[in-house]
Q: 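Input: one structure, supplied below.
No experiment lies behind these values; they were computed from the predicted model shown. In what follows, every heavy atom counts, from backbone to side chain, and hydrogens, waters and symmetry copies are set aside. Quick note on labels: first sequence line is chain A, next is B, and so on, each numbered from 1.
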Number of protein chains: 2
Amino acid sequence: MTLPPGDSAPGKPEATISIDEDRSVVEAKEPSLHRRILEDVEGKILSGEWPPGHRIPFEHELTEQYQCSRMTVNKAITELVKRGLIERRRKSGSYVTHPHAQSAVLEIHDIRLEVESLGLPYRYERRARLSRAAKAADRRLMELAEQARLVEISALHYAGAQPFCLEERLINLAAVPEAINESFEATAPGAWLISQVPWSAAEHRIRAVGADARTAELLAIAPGTPCLVVERRTWSGGVYITHVRLTYPGEKHELVAEFAPSHPKQAL
Amino acid sequence: MTLPPGDSAPGKPEATISIDEDRSVVEAKEPSLHRRILEDVEGKILSGEWPPGHRIPFEHELTEQYQCSRMTVNKAITELVKRGLIERRRKSGSYVTHPHAQSAVLEIHDIRLEVESLGLPYRYERRARLSRAAKAADRRLMELAEQARLVEISALHYAGAQPFCLEERLINLAAVPEAINESFEATAPGAWLISQVPWSAAEHRIRAVGADARTAELLAIAPGTPCLVVERRTWSGGVYITHVRLTYPGEKHELVAEFAPSHPKQAL
DNA sequence: CTGATGATTATGTATATACATTATATCCAT
DNA sequence: ATGGATATAATGTATATACATAATCATCAG
């Protein structure tokens, strides 16, 4: 393999293997070759130069263009496949995907951090805790066994003097038996649970509701005020660990999700 | 560190390079080796067997365990690094990352598909369209140039006889000049835009609001009814393409975000 | 024209090797 | 001890090679 320092290869920046006499000209860390290929191809796709359905050059053509081995090209393209920008078909080639669904990445932080990042003092207040048998409604929510026992917690998270969020939680004692000994008076159940149980998946449901009388009172808002409700179910290998409903009052709270174009597959 | 179901290599299913005489025993498509390594390691992390901060085996150790080349191990671990499960430090080793934020993946589909997947007939109705210069408020929203021109569209998406979603959109004519010739009477701007402009990033803001008088009338609901509002800004390489506000009436509409395991983290 | 067959070709996976990079550890002289 | 040079170990990147797999294409018999 050759890698001639200044020619043929498209858009190639100078200074490749030249650390011979003048080490001072370090040239600001050029990225690795497979990254450059990835970025070039990504750029062509995002700019529209290669529209959806377009067949990108074969691996052996890119190998030729960049004067590198096939493995290097393959690494770049494989990554773009994982990101959902490209689809590959044997014998046929690699094609720019048609964007279907956008997949947004919603970052969900601990409530304490959320509050503190607003520059407000955080306070946690547990309101109620009881352990009881699962009712039919709980089993619908969490797919529990008939005789399952739960811990039910109601708590408020404050930002300054204002209620920031109402937390209503169920914990499956079959999955987290230690919860029976925990009062949750000082520590919020979310933080406690992470330290106890590794978990493998979760599901979020986000909707807008009007505050009912009880919720309104707890959150110090008028009944009927629109609230953002996030319901999260968390489980670990098929076993439900916890169900939590977080109710954020008023129109102030926002969930922010950053996006990248994608259609199937993994998140990045 | 032993997982011996059959022999030396951990968790290794039989039939690996034995295609000598009996090709009939094909053994139900075992996954590739690097995938198996990836899944094994991921499993150990998600199960909590390797907690945050734990140093996973060195590449050369995994090479030994799985009786494969370093490149294969490297491919698996590199993927886990991209997923945020593992952090690597040269000369030191690879470590299970500590939790920071949980990231949920929110799939956002075309509204037509959303409606149809509910088994309801979809109908689109454009209400208004005008092209105009950007106002100060628009520029705050979209970071536009002073003299930018926009197309403004208001439309309704119906599920059966009921309004499903109110769409209010601005399109930056500098980014999509073709929009000036498009009436958007038959085609919804979302679908049209996707076919016109490749986009590289977007930002979503999700919140609950009470319907104002105008919105309430359009959506055939009472003023003040809680609505889920999704605001999306989309751009391509630093240029804003479009801003859209989607207002879903009532408490019925839900956004669902599946959590693709990325690591055992906070916000349970 | 139709359908089977086999060649061709692009991708998928894996190996063995090489050298670069970067922390860490060790040792030696002060 | 302390500071600094040196060795060492683990990851990062890249190459050349090999064979497997799957889809397409061309060919040819019927």
Q: Record whether the side chain of A:R88 comes under 3.5 Å of the base of C:dT11 through a donor-acceptor pair of N or O atoms.
A: no
Q: The side chain of B:T72 is closest to which nucleotide in this list: D:dA14, D:dA10, C:dT15?
A: C:dT15
Q: So, using side chain to side chain contact (heavy atoms under 4.5 Å, CB included) as the criterion, who are the partners of B:E59 when residues are at least two apart?
A: B:R70, B:V73, B:N74, B:R88
Q: Quick one: label A:T78 by what it contacts on the DNA or RNA (base, sugar-phosphate, nothing), any heavy atom closer than 4.0 Å.
A: nothing
Q: For a quick test of reading the model: is some side-chain N or O of A:S94 closer than 4.0 Å to OP1 or OP2 of C:dA10?
A: no
Q: Heavy-atom nearest nucleotide on DNA chain C for A:M71 versus A:S92: which residue maps closer to 5'?
A: A:S92
Q: Looking at C:dG12, does its base get a donor-acceptor pair with the side chain of A:R70 below 3.5 Å?
A: yes
Q: Verify the contact: side-chain N or O of A:H34 to OP1 or OP2 of D:dA14, cut-off strictly under 4.0 Å; return yes or no.
A: yes
Q: Could you tell me which non-hydrogen atom of B:Y124 sits nearest to which non-hydrogen atom of B:F184, and how far apart they are?
A: OH-O, 2.8 Å
Q: Is there a donor-acceptor contact under 3.5 Å linking the side chains of B:R169 and B:T242?
A: yes
Q: Does B:K75 get its side chain close enough to the base of C:dT13, under 3.5 Å, for a donor-acceptor pair?
A: no
Q: Side chains of B:Y95 and B:H54: is there a donor and an acceptor less than 3.5 Å apart?
A: no
